[in-house]
Asks: 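Mind having a look at this structure? Questions to follow.
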Amino acid sequence: MILIDGKKTAEQIKIEIAQEVKKMNDAGIKVPHLAAILVGDDPASQTYVNSKSKSCHEVGFMSSTYRLPENTSERELLEMVEFINNDPEVDGLIVQLPLPAHIDNQKVINTIVPHKDVDGFHPVNVGRMTIGLPAYIPATPFGVLELLRRNSISTTGKHCVVLGRSNIVGKPMSLLMSRNSEPGNATVTLCHSKTHNLKEITKQADILIVAIGQPGFVGADMVKEGAVVIDVGIHRVATDKNPSGFRLVGDVQFDEVAKKASYITPVPGGVGPMTIASLLLNTLKSAKKEIYN
Ligand code: NDP
């Protein structure tokens with residue numbers, strides 16, 4: 001079994017980005033600038049936004065965080081998005097999800113101008129990705145593709161089973177694995193909560209990508225010998241063995257499944273670190289006008 005080291009891969013990607021930024025700086029070109037909007041004080045969202053901002057600084061990007069109170073109205077948030085859309089200094093804009101219940105997530109996403117939508121959630125980017133035009137690819141599936149590519153895991157002709165059909169992970173993942181490129185060119189089965197005989201399907205997977213949000217859902221009995229297993233799930237579970245009082249686990253029972261897998265991602269240190277690295281890559285692409293010009 002080979003452990004897919006997402007932490008190390010993400011660090012390598014950040015080094016490559018920092019080298020690009022240095023070249024831009026040396027050539028007198030404006031460095032990439034990522035803006036984030038955070039509404040409310042959800043601790044997990046604060047942690048994500050802080051680590052995105054820290055990663056920007058590590059690679060030499062500019063970053064700005066707009067923190068708005070929980071009771072911000074939808075109109076006020078949309079005005080903020082439009083303000084940043086029109087700011088020529090900003091290359092990429094992300095709105096940290098989830099938003100408070102009184103705000104329509106999709107309306108906010110639709111308001112971000114597609115060429116700054118580095119999360120790749122705007123319908124224009126989703127549509128472009130679907131038909132194979134240049135597009136921002138959502139950070140988590142993009143991170144999974146990079147892990148497959150950089151570990152030389154061939155996907156062509158393989159049966160890839162994706163567990164979960166969310167708009168941010170499972171659905172784009174299934175489209176990307178079926179597109180005509182490498183990684184890609186897989187025969188894809190997309191499973192969700194209404195899927196019958198789930199175990200029979202997952203056991204056929206050469207590549208199993210799990211994003212269902214259920215801690216330890218996938219056990220060894222659901223996995224074929226020699227499969228590549230990518231665990232996107234991330235959960236805090238209480239423990240008294242750790243000073244923080246919790247430990248992180250994925251959607252896969254790592255210890256059992258690792259005995260059967262040919263490659264597997266750990267949690268933490270697998271897909272998680274790749275998500276931020278991919279967001280930085282998308283922001284670099286935006287600054288270099290590689291997707292839209
Ligand atoms: P969602 O809750 O949005 O989607 C979960 C999907 O799993 C749904 O499509 C759901 O089906 C399906 N599902 C749920 N239960 C079952 C079941 N028992 N059998 C089959 N399918 C099931 O989750 P996300 O995609 O946003 O996230 C998935 C996991 O990945 C979470 O643990 C999340 O924390 C993690 N995550 C990690 C990231 C990272 O950077 N590492 C980034 C984003 C997410 P249905 O559609 O029918 O309801």
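Indexing begins at 1, ligand by ligand and atom by atom, following the structure's order.
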Asks: For ligand 1, which part of Thr275 has a heavy atom less than 4.0 Å away: the side chain, the backbone, both, or neither?
Replies: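 It is the side chain that touches ligand 1; the backbone stays farther off.
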
Asks: Give the residue, atom name and distance (to 0.1 Å) of the protein heavy atom nearest atom 7 (O) of ligand 1.
Replies: Ile212 CA, 3.3 Å

Asks: Short question: side chain of Ser181, backbone of Gly184 - any donor-acceptor pair under 3.5 Å?
Replies: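 Absent.
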
Asks: Could you tell me whether Ile234 approaches ligand 1 through its side chain, its backbone, both or neither, with non-hydrogen atoms closer than 4.0 Å?
Replies: both

Asks: Among all protein non-hydrogen atoms, which one is nearest to atom 31 (C) of ligand 1, and what is the separation to 0.1 Å?
Replies: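 Checked against all protein heavy atoms, atom 31 (C) of ligand 1 sits closest to Gly213 CA, 3.6 Å.
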
Asks: Quick test: of every protein heavy atom, which one is nearest to atom 48 (O) of ligand 1, and how far off is it to 0.1 Å?
Replies: Ser193 OG, 3.6 Å

Asks: Can you confirm whether something in the protein, heavy atoms only, sits under 4.0 Å from atom 2 (O) of ligand 1?
Replies: no

Asks: Verify, without hydrogens or angle tests, whether Asp231 (side chain) and Val252 (backbone) share a donor-acceptor contact under 3.5 angstrom.
Replies: yes

Asks: Under 4.0 Å from any heavy atom of Ile168, which atoms of ligand 1 are there?
Replies: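 Taking each heavy atom of Ile168 in turn, ligand 1 has 26 (O) under 4.0 Å.
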
Asks: Measure the distance from atom 8 (C) of ligand 1 to every protein heavy atom, then report the residue, atom name and distance (to 0.1 Å) of the closest one.
Replies: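 Checked against all protein heavy atoms, atom 8 (C) of ligand 1 sits closest to Arg165 N, 3.9 Å.
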
Asks: Check the hydrophobic clustering (I, L, V, M, F, W, Y; side-chain heavy atoms under 4.5 Å; chains of links allowed) and say if Val118 and Tyr292 are grouped together.
Replies: yes

Asks: Output the list of atoms in ligand 1 that are nearer than 4.0 Å to some heavy atom of His235, sorted by atom number.
Replies: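 Selected atoms, number and element: 32 (O).
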
Asks: So between His192, Lys171, Gln214, whose heavy atom ends up nearest atom 20 (C) of ligand 1?
Replies: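 When every heavy atom of His192, Lys171, Gln214 is considered, His192 comes closest to atom 20 (C) of ligand 1.
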
Asks: Among all the protein's heavy atoms, is there at least one whose distance to atom 18 (N) of ligand 1 comes out below 4.0 Å?
Replies: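 Yes, there is one.
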
Asks: Could you find the nearest protein heavy atom to atom 23 (O) of ligand 1 and give me its residue, atom name and distance?
Replies: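 Nearest neighbour among protein heavy atoms for atom 23 (O) of ligand 1, to 0.1 Å: Ser166 CB, 4.3 Å.
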
Asks: Any nitrogen or oxygen of Val169, side chain or backbone, less than 3.5 Å from one on ligand 1?
Replies: no

Asks: In terms of residue, atom name and distance, what is the protein heavy atom nearest to atom 42 (C) of ligand 1?
Replies: Thr140 OG1, 3.3 Å

Asks: Quick test: of every protein heavy atom, which one is nearest to atom 6 (C) of ligand 1, and how far off is it to 0.1 Å?
Replies: Gly164 CA, 3.6 Å

Asks: Residues in salt bridge (Lys or Arg N to Asp or Glu O under 4.0 Å) with Lys30, at least two apart?
Replies: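 Asp91.
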
Asks: Provide the number and element of each atom of ligand 1 under 4.0 Å from a heavy atom of Gly233.
Replies: 29 (C), 30 (O), 32 (O), 35 (C)

